[in-house]
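Structure record follows, encoded as structure tokens.
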Amino acid sequence: MSHKSLWIIDVSAEQVNGSDEIWVWGKTEDGKICILRERNQKQKFYIAFDSHEKVEKAKKYLSTIPGVIKCDIVKRRSFGIEKIAVEVVCLPSKTESIVKAASKLEGEIFEDDIRFSNRFLLENDISPSSWYEASVEESDLKPSDGVDETYILKSLRKLEISTLPSLKIMALDFIYYSEKGTPTPEKNPIIVISIALNDGKRIQLTGDEKEIISSFISLTKEFNPDVIVGYRTNTIHWSYLLKRCEKLGIKLEVGRLNSEPHQSLYGHFSILGRINFDLKDYADDIVAIQRKTLEELAEYFGVSMNVEPVDEFFYSKYWRDPNKRQILLKYSMWRAEACLKIFETISSEVFSLSSITGLPADYVFTASPAFRLENFLMRSAIKTGELIPKSRERLAPSYPGGKVLSPKKGLHKKVAVVDFKAMYPSLMLKYNISPDTVRVLPYEGEENVVVVEEANTCIIQDRKGFFTEVLGKLVEERDRVRKLLKQVSKDSAEYRYLDAVQKTLKVLANAMYGYMGWIGARWYLREGAETVTALGRKVITQTIEKAEKMGLDVIYGDTDSVFIRYDEQKINELLRWINEDLGLEAKIDKIYETVIFTEAKKRYAGITTDGSLDIVGLEAVRGDWCKYAKETQKILLEKLLKGEKKDNLLSFIRERALKLKRRQVNIMDLVIWKQLAKKLEDYEVKAPHVAVALDLLQDGWKVEKGDFVGFVVTTGSGPIHTRAKHYSKASIDEVDVNYYIEKQLVPVCERVLSVIGIGPKEVEYVAKMAGLGMEAFF
DNA sequence: GCTACACAAGTACCT
DNA sequence: ACAGGTACTTGTGTAGCG
């Protein structure tokens, strides 16, 4: 027996000579890749009954089924109800048939839907992307092809190390060639693979396709990366490569042990022994990234764009043009390099999320936030004796949410934004709100409860709920990590990692309310979520009433924030009252020097005391308005907030309208982007972006749900959808300037100026008359 | 057949 | 494929007119 310190890359389920094994893939401190084979992992499920007799009977019956290794009668809980259950331990290969036999009994079956490799992780509380000390013995499996050592696993002990191992990272970009339309692997070859390695090497493969792929495979074997990163690799590239390889008779052996990528859950690709990370999954998670392009993601992280970007609609044009091919090649290499830099930037976040939730690093962002939290909850459940419920089909009745005030329209000076700190998690903790503690009224049980009339519920107080337990641990752990952070140098790798950990813990805590109200959740309890929002509304209402009673001027409020005319003393008094009387924490989030509100909720703009411009909800921050209109609104807002007079504002609008009329605008600044939120065939009305998408489809472009469609409105008559044209096919000369004046420029300006009493007619007049020789009248 | 209007569909935002 | 609350544009159906 010997010991090995290692960082877990991934865990896979394998069959060796007909028996099931778990392989733990690790990287040792000295950079060796090893496989630890767990040969004794079994499957497990529970079947719960309402009487002791039935349990005994079931146990007897189940024990006789071949493949069942052990049956025990155990006590567990589910949604706050005590359960007596048979715990069935069985052979992985026989589980399906055993569960089938068990389902004929009149009990409720739990945890038969936990997959083998996850069972291993949950039960032993083992997380990928974490350090462990392993006790191991020699294994007869010969190390080969990317693997240095193999062992038989005896036990794993978690190590508290908050740094990452040195990982080999390979970033990729691919170009396929299609004369016209989206390339399809059935017809169109791979023409470029750009590779950026984190040892500094840059390789660009072009030429004969077979050679490109073969070189790519041998390069991968030689470099032996721990991480392969790209953009849209899960949804496009791996399946494209696999299909091309199939056509050419090549095996795409890019995984360790010469394995090929294989598609697993939800279309995600697994590459054995490596982390296959698709940055698109990460981009999808960031709301600030509107069109989900690699360029936007790079910009978000400050990765510079030092080459000329090429739009995918023009790839083939650039490739065919001998003068432009170099530009395309450079751009492709930039993409690979950008992927490398971005991954390096986010690695702490990725690995801390993986380590805390227990999901493999390459799956953690492919999974939705709810599934990440759910995996985390499942680990906690196993530790606390809570059976893991199954998600099932149910109706999804809606329930009331946060309270939103109508703002006081106008330009306000010195406004403080008072925020409740983590309102929903705090309420859940304070009142013990959890799927196992919330009951619908009338409550007839014995336990002490807090009644929440507004939600027609009550909350049991005599025992700590499952979510309360988890939430408490999340908060405690976050506090602990934040204390640790203070002792670590800010520019160290350890700081970055620990900071990512504390952020992850916060994200998980914040997700618990939404998760409880999510119809697909294993621990779904609408009444629980309803109780949280009801208490939230109560708290904000009381705060507003208190503030007004104190003589404070409340200007706006939304869910957990209140905008109040600044009065330092009184606001501090209010904060104290919130703390003492409501038992919650609130703080001044920011103070606006000037802030404007229209009559609309959720839309305002202001300049804070530190001089930064905030724009909230208005067109300037929306992805579905053209850049020219957005920019106009932003500048106009800034001018207005800084006190510019009406005349100057109007002449600015005139200037912008004139420029548009003279077509002195880049056509890309007039593109309106909209996402296809559903499948093309599911649309009921002919919206402009849908019409454009159908047109692209005609031309051989693949357009599907989730894609962003960019179009401009061209001149002509009839509804907009007949005049909307994809930007790749339109020129500035055919743009309908009037549409842009009337439907883009005027609305965004009017929205702002209405605040200071300038009506729509006036704005429209100024914009429409621009350049018509009427300037002398203004 | 046209216009005005109300309403539905659709998207993206806020907390 | 975490929640509900909200604004706003475009398309569509139709009442009312003549």
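Labels below follow one simple rule: chain letters A, B, ... track the order of the sequence lines, proteins then strands, and each chain is numbered from 1. All values below come from the heavy atoms of this structure, side chains included, with hydrogens, waters and symmetry mates left out.
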Qualifying residues under side chain to side chain donor-acceptor pair (under 3.5 Å), relative to A/Glu477, sequence neighbours excluded: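 A/Glu477 satisfies side chain to side chain donor-acceptor pair (under 3.5 Å) with A/Arg480 only.
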Base-contact (B) and sugar-phosphate-only (S) positions in nucleotides 1-11 of chain B, heavy-atom cut-off under 4.0 Å, - elsewhere: --------SSB
Checking all strands, does [X] fall into the base, sugar-phosphate, or nothing category for heavy-atom contacts under 4.0 angstrom?
X        : answer
A/Arg526 : nothing
A/Trp625 : sugar-phosphate
A/Gly623 : sugar-phosphate
A/Tyr524 : nothing
A/Val287 : nothing

Ignoring hydrogens and angles, tell me if any N or O in the side chain of [X] forms a donor-acceptor pair with the backbone of [Y] under 3.5 Å.
X        : Y        : answer
A/Arg723 : A/Thr714 : yes
A/Ser426 : A/Lys421 : yes
A/Thr457 : A/Arg439 : no
A/Glu527 : A/Val440 : no
A/His268 : A/Asp362 : yes

NZ or CZ of A/Arg656 within 45° of A/Tyr628 ring axis and under 6.0 Å: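 The answer is yes; both the distance and angle limits are met.
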Cation-aromatic face contact A/Lys408/A/Tyr556, 6.0 Å, 45 degrees: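 Judged by the rule (NZ or CZ under 6.0 Å from the ring centre, within 45° of its axis), A/Lys408 is not positioned above A/Tyr556.
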Those residues of residues 591-607 of chain A lying under 4.0 Å from DNA chain C by at least one heavy atom: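 Result for residues 591-607 of chain A: A/Ala600, A/Lys601, A/Lys602, A/Arg603, sorted by number.
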Close residues, residues 391-403 of chain A, relative to DNA chain C [heavy-atom separation under 4.0 Å]: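 Within this stretch, A/Ser398, A/Tyr399, A/Pro400, A/Gly401, A/Gly402 sit under 4.0 Å of the strand.
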Side chain proximity check, A/Glu386 to A/Met378, heavy atoms < 4.5 angstrom: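 A side-chain contact under 4.5 Å is absent here.
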Cationic N near anionic O, under 4.0 Å, A/Glu454 to A/Arg537: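 No salt bridge links A/Glu454 with A/Arg537.
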A/Lys506 atom NZ: more than 12 heavy-atom contacts under 6.0 Å: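 At most 12 heavy atoms, drawn from other residues, nucleotides or ligands, come within 6.0 Å of this atom.
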Residues forming a ring-ring contact (aromatic ring centres under 6.0 Å, His included) with A/Tyr424, sequence neighbours excluded: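 Here the qualifying residues are A/Tyr513.
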Ring centers of A/Phe711, A/Trp673 separated by less than 6.0 Å: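 No, ring centres 6.0 Å or more apart.
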Range on DNA chain C touched by chain A, heavy atoms, distance below 4.0 Å: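 Counting from the 5' end, contacts occupy C/dA1 to C/dT12.
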Residue whose nearest DNA chain C nucleotide is more 5′ - A/Pro688 or A/Lys705: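 First, find each residue's nearest nucleotide; the 5'-ward one identifies A/Lys705.
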